[in-house]
Amino acid sequence: MERRTIGAGALAVGAVGLGCMPMSWAYSGSRQRGETSLRAVHRALDLGSTLLDTADMYGPFTNELLLGRVLKERRADAFVSTKVGLLVGEQHVVANGRPGYVKRACDASLRRLQTDVIDLYQLHRADPEVPVEETWGAMAELVRAGKVRALGLCAVGARGGRRSGAGLHDTTLRQLQRVQQVFPVAAVEAELSVWSPEALQALLPWCDARGVGILAAMPLGNGFLTGTLTPGEGFEPDDLRARHPRFTAEMMAANQPIVAGLRRIARRHGEHVTPAQVALAWVLAQGRHVIALPGTKTERWAAENAAAPDLHLTGEDLAEISRLPPAHDSWD
């Protein structure tokens, strides 16, 4: 697989990584199978999807434990990214950026992942009660201690601000400017896809100018851009899409022209090319430091995703995608 570098340390990873969250968290709990997920991780690594993206809150904790079973055997094949800063309660999630907690959480993640170093340690969310410089400073100490190789920041979700249509990543950019004064940012994880391109406006240019990697989360639009979801089919109550403003039956039907456009381009490239691969190829075409992080828990989709860097979209393809209608939300 094509390799891309992120951060000033030129950390090299496969252009398509593996988002591990669906294996333990947020998607269809009844379909989560440990052995199935383990096979998916092994398959991804076999195909060059070296960046494994997880977080201590996924599960909570069970996602890191699952990856630890793979890393115990194949640590040299993987680039491990995990996150800190969010605690999961019974019915809520809260931020904790206190330096002491960050250091304890890192040690706990290392134990669960069965490794002695985390390649990329990301701040999941800044704690409003703690200056972000203090949290970032504690994370930087972990680098100096040899427990972490590089630091990343997760962008504050822009979804709630889409109705205003402007400055959707202003908060993240302010945080980046502050923490960059403390210790270099190697990567920013942010939603980026054909139907959620907002990161292209200001966030990607900021990162590109500094050699900071963009880890494109949800590059397949929570599965919608694969063309495998049926409007009105419904989701399990614990599936995040059951409450997502783009996954009501009406909005899924309204957004079908986007999938139709991706399918049309896929057909031009061959009978075995899929809309998902077109969507991932579009993400990769947005910049030399962009890494796509599609989430999956099955070997089949891991293999399909890993083939996306081999698909080279033409100028005509990219222009056609730019003309696709914007995605509709339930509040539109």
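The chain is numbered in sequence order, starting from 1. All values below come from the heavy atoms of this structure, side chains included, with hydrogens, waters and symmetry mates left out.
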>> Is it the case that the side chain of R243 and the backbone of P237 share a donor-acceptor pair, with hydrogens and angles ignored and the cut-off at 3.5 Å?
In response: yes
>> Looking at every heavy atom in both P275 and L262, which two are closest together, and how far apart are they?
In response: CB-CB, 4.0 Å
>> The criterion is salt bridge (Lys or Arg N to Asp or Glu O under 4.0 Å); which residues satisfy it with E141, sequence neighbours excluded?
In response: K103
> Any donor-acceptor pair under 3.5 Å linking the side chain of S109 with the backbone of C106?
Replying inline: no
>> Using modelled atom types and a 3.5 Å cut-off, is there a donor and acceptor pairing between side-chain atoms of Q277 and backbone atoms of E304?
In response: yes
> Short question: side chain of D119, backbone of V80 - any donor-acceptor pair under 3.5 Å?
Replying inline: yes
> Linking Ile, Leu, Val, Met, Phe, Trp and Tyr by side-chain heavy atoms under 4.5 Å, what else ends up with L65?
Replying inline: none
> With sequence neighbours left out, what residues match R264 under salt bridge (Lys or Arg N to Asp or Glu O under 4.0 Å)?
Replying inline: E320
>> Would the distance check show the side chain of R75 and the main-chain N or O of A78 forming a donor-acceptor pair, the cut-off being under 3.5 Å?
In response: yes
> For L38, does its backbone N or O pair with a side-chain atom of R69 as donor and acceptor, under 3.5 Å?
Replying inline: no
>> Can you tell me how the ring of W195 sits relative to the ring of F224, calling it parallel under 30°, perpendicular over 60° and tilted otherwise?
In response: parallel
> From Q177 CD over to W206 CH2, what is the distance, rounded to the nearest 0.5 angstrom?
Replying inline: 7.0 Å
> Distance-only, no hydrogens or angles: does the H328 side chain make a donor-acceptor pair with backbone N or O of R246 under 3.5 Å?
Replying inline: no
>> Given Q122, which partner from the list L151, L215, L153 fulfils the side-chain contact (heavy atoms from CB on, under 4.5 Å) test?
In response: L215
>> Using modelled atom types and a 3.5 Å cut-off, is there a donor and acceptor pairing between side-chain atoms of N305 and backbone atoms of W301?
In response: yes
> Which pairs pass salt bridge (charged side-chain N to carboxylate O under 4.0 Å, His left out) with one or both residues in residues 126-139, sequence neighbours excluded?
Replying inline: E133-R178
>> Quick one: does any side-chain atom of K83 pair with a main-chain N or O of T54 as donor and acceptor, under 3.5 Å?
In response: yes
>> Under the rule for side chain to side chain donor-acceptor pair (under 3.5 Å), what residues qualify as partners of H269, not counting sequence neighbours?
In response: D317
>> Can you give me the closest heavy-atom contact between L123 and T135, atom names plus distance?
In response: CD1-CG2, 3.8 Å
> Does D208 use its side chain to pair, donor to acceptor, with the backbone of L204 at less than 3.5 Å?
Replying inline: no
> Between atom NE2 of H124 and atom CG of D56, what is the distance when rounded to the nearest 0.5 Å?
Replying inline: 8.5 Å
>> Restricting to side-chain contact (heavy atoms from CB on, under 4.5 Å), what partner residues turn up for A217, sequence neighbours left out?
In response: E189
